[in-house]
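Throughout, a chain's letter reflects where its sequence line sits, starting with A, and its residues are numbered from 1.
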2 protein chains.
Amino acid sequence: MIRLSNTNQRRIIIEELRRIKCHPTADELYEIVRQRLPSISLGTVYRNLELLADCGEILKLEFAGRQRRFDGDIRRHCHLRCLHCGSVEDIRIPGVELLERELDKFLGGRIRAAQLEFTGYCRDCAAKLGVTPSASAGRSRASSFMN
Amino acid sequence: MIRLSNTNQRRIIIEELRRIKCHPTADELYEIVRQRLPSISLGTVYRNLELLADCGEILKLEFAGRQRRFDGDIRRHCHLRCLHCGSVEDIRIPGVELLERELDKFLGGRIRAAQLEFTGYCRDCAAKLGVTPSASAGRSRASSFMN
DNA sequence: GTGATTGCAAACTATTTGCAAGAGA
DNA sequence: TCTCTTGCAAATAGTTTGCAATCAC
């Protein structure tokens, strides 16, 4: 694994990405980091996010929308992408660990990773738009994990 | 559902996308369509692909930060995205139907869709790069579906 | 005829890159 | 010291948009 030198910029980028619980785009993170390091440039943020993702320090989320997003939490978990605002939310679904273990069995050879992704509505948009579990009735299990 | 008028450009775009079995980008499809309709513009291809995806006639494959791809086959299936060349390949994995049925149980409420995506190497790149099933040994099931 | 669609070109957005100056080991 | 990294700005890549002309119904 590549050893990255410990610059102020890089350290603060990691710190802020780990601290916030959302999944910011490069420019969102740039604005956040700028509050601690006003002279940092957007290019530096992009370069570091790329490097850090290559090293496995952070996660690059490419499945979603137009803009790339980043996640400071590299533990395996699922994401829900909002169809309305494009945000990405961590999602815990009971029983999904079993599915993931099944998925892992497919890894090997040409396949290096498998991911489980969900699309729907984030908490905020669901509330604003009046999305309710009854919107797709008949799938009663759904309501058990949505809150 | 929106009713789209039947223009020559639109018809040929759908026909060609359904005919080819890969997952072209807008400009790849533009080049293909141009062989039948030399005066078509790239903008028209973009506009139609967007509309057709909105209508559910085709599938839009979005990977943030890279090029969008389109799929004329809207039946449920998995994709393998190549880490080397960025191409997207349909992938058939025995047993995946069971996983998908399990995934469907999560749908409802805020969650509208679940998808299973794989990353790794396409057939061509795997051959070129010498990627072999033994690359991640110990996961013996893997070789059973890779060819 | 009227609204939808087209070709063209310019605009826009996200991301990457070249380069000289500066920081880290 | 010497390489890696930074800030800046320009470049690039992919996509979207405005507009006048044209087409489908």
Candidates D:dG18, C:dG18, C:dT5 - which lies nearest the side chain of B:L4: C:dT5
For atom CD of B:E28 and atom C1' of D:dT15, their distance in whole Å: 15 Å
Rounded distance [0.5 Å steps], CG in A:L83 versus CD1 in B:I111: 11.0 Å
Of A:N48 and B:R68, the one whose closest DNA chain D nucleotide lies more 5': A:N48
Side chain A:R68, main chain A:G65, donor-acceptor under 3.5 Å: no
Euclidean distance, atom CD of residue A:E62 to atom P of D:dG14 [Å, nearest integer]: 14 Å
Rounded interatomic separation in angstrom, taking CD from B:E50 and P from D:dT17: 9 Å
Nearest-Å distance for atom pair NZ/C1', residues B:K60 and D:dT16: 12 Å
Separation of A:L42 CG from A:E31 CD (nearest 0.5 Å): 8.5 Å
Axial bend angle, the helix from C:dG1-D:dC25 to C:dA25-D:dT1: five-pair end segments, nearest 10°: 40°
A:D104 and A:R76, any side-chain heavy atoms less than 4.5 Å apart: yes
Within-4.5 Å side-chain heavy-atom neighbours: B:S5 and B:T7: yes
B:E89 (side chain) donor-acceptor with B:R123 (main chain) under 3.5 angstrom: yes
Main-chain N/O of A:H23 paired to A:R69 side chain as donor or acceptor, under 3.5 Å: yes
Proximity to DNA chain C (any heavy atom under 4.0 Å), residues of residues 7-18 of chain B only: B:T7, B:Q9, B:R10
Length of the line joining B:N6:CG and C:dA4:C1', which is rounded to integer Å: 13 Å
Rounded interatomic separation in angstrom, taking CD from A:Q67 and C1' from C:dT13: 8 Å
Those residues of residues 33-46 of chain A lying under 4.0 Å from DNA chain D by at least one heavy atom: A:S39, A:I40, A:S41, A:T44
Exam field: side chain A:R11 to backbone A:N6, donor-acceptor pair closer than 3.5 Å: no
Side chain B:H84, main chain B:C125, donor-acceptor under 3.5 Å: no
Value in whole Å for how far the P atom of C:dG18 lies from CZ of A:R47: 10 Å
Whole-Å gap separating P (D:dG14) and CG (B:L61): 16 Å
Test item: B:R110 side-chain N/O and A:Y121 main-chain N/O as donor-acceptor pair under 3.5 Å: yes
Any B:R18 side-chain heavy atom under 4.5 Å of B:E57 side chain: yes
